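These notes are about the structure you will find just below.
These numbers come from a predicted model, not from an experiment. Atoms considered below: every heavy atom in the structure, side chains included; atoms not considered: hydrogens, waters and symmetry mates.
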Amino acid sequence: MATLSEIVLIAAVITAGLIAGLFYAYTCSVMPGLGRADARTYVTGMREINIAILNGWFAISFGGAPLLAAAAAALHFRSELRSALPWLIAGFVLLLVMLIVTMAVNVPLNNALEAGFAGDDTDFEALRAKFEGVWERWNLIRTLAAIGGFGALVGGLIVHVRA
């Protein structure tokens, strides 16, 4: 029978994998695809994506991954489970980096994109120029942090299972 520490750790691994996969998809397909579009399509597409992503499914993985990683780490402080703890702490820290980068950089850029949108009167080229490069660089950083967090949690799960 699975223990609470195992259930929480598995949930942390799943949510971390989901958010790492989402950001990976942005890095290797969504942003390169939008990058091929004209400025009007790019800005409009990003605005629509930013609106669509604010949903419960996204919230579960985005907020759930670091919270569940922290809970998994806390549940592994018992001496018989401690061997997985370094992996779980690393996973939590990396997922926290992902969360901080998103909230400190990507979300404010998304908000600035929205604030700069003025319908047909929008200077789409200028708005895109202020957004695209910076957003994509920081998206890569949060992607790598999320993938690292996922990998560390998988490492923790392997150590936990072997303990």
In terms of hydrophobic clustering (I, L, V, M, F, W, Y; side-chain heavy atoms under 4.5 Å; direct or indirect links), are [X] and [Y] co-clustered?
X: L127; Y: V105; result: yes
X: I7; Y: L85; result: no
X: I49; Y: I19; result: yes
X: W138; Y: V93; result: yes
X: V13; Y: F92; result: yes

Practice task
Return the set of residues passing side-chain contact (heavy atoms from CB on, under 4.5 Å) with A39 (not counting sequence neighbours), or none when no residue passes.
Solution key: F124, E125, R128
Practice task
For T143, enumerate each residue passing the side-chain contact (heavy atoms from CB on, under 4.5 Å) test, keeping only those at least two apart in sequence or located in another chain.
Solution key: F23, Y24, T27, N139, I147
Locate the shortest heavy-atom distance separating [X] from [Y]; write the atom from each residue and the value.
X: A72; Y: V8; value: N-CG1, 3.6 Å
X: P86; Y: S83; value: CD-O, 3.6 Å
X: S5; Y: T3; value: OG-OG1, 2.9 Å
X: E80; Y: A163; value: O-CB, 4.3 Å
X: A145; Y: V97; value: CB-CG1, 3.9 Å
X: L88; Y: G156; value: CD2-CA, 3.9 Å

Distance (rounded to the nearest 0.5 Å) between [X] [atom1] and [Y] [atom2]:
X: L99; Y: L94; atom1: CG; atom2: CG; value: 12.5 Å
X: I89; Y: L96; atom1: CD1; atom2: CG; value: 13.0 Å
X: R82; Y: H160; atom1: CZ; atom2: NE2; value: 15.0 Å
X: W135; Y: L34; atom1: CH2; atom2: CG; value: 9.0 Å
X: L4; Y: L9; atom1: CG; atom2: CG; value: 11.0 Å
X: L140; Y: C28; atom1: CG; atom2: SG; value: 11.0 Å

Heavy atoms, side chains only, cut-off 4.5 Å: are [X] and [Y] in contact?
X: I158; Y: V154; result: yes
X: L18; Y: I60; result: no
X: L95; Y: L153; result: yes
X: M31; Y: M46; result: yes
X: I53; Y: Y26; result: yes
X: L113; Y: L109; result: no
X: W87; Y: L157; result: no

Exercise for the section: Sequence neighbours left out, what passes side chain to side chain donor-acceptor pair (under 3.5 Å) with E136? Give chain and number order. Expected result: none
Completion exercise
Here the salt bridge (charged side-chain N to carboxylate O under 4.0 Å, His left out) pairs for residues 97-112, sequence neighbours left out, are none
Practice task
Output every pair passing salt bridge (charged side-chain N to carboxylate O under 4.0 Å, His left out) with a member in residues 37-57, not counting sequence neighbours, ordered by first then second residue.
Solution key: R40-D120, R47-E114
Handout entry: Check: T122 side chain, G119 main-chain N or O, donor-acceptor pair, under 3.5 Å
Key = yes
Exercise for the section: With sequence neighbours excluded, tell me which residues meet ring-ring contact (aromatic ring centres under 6.0 Å, His included) with Y42. Expected result: none
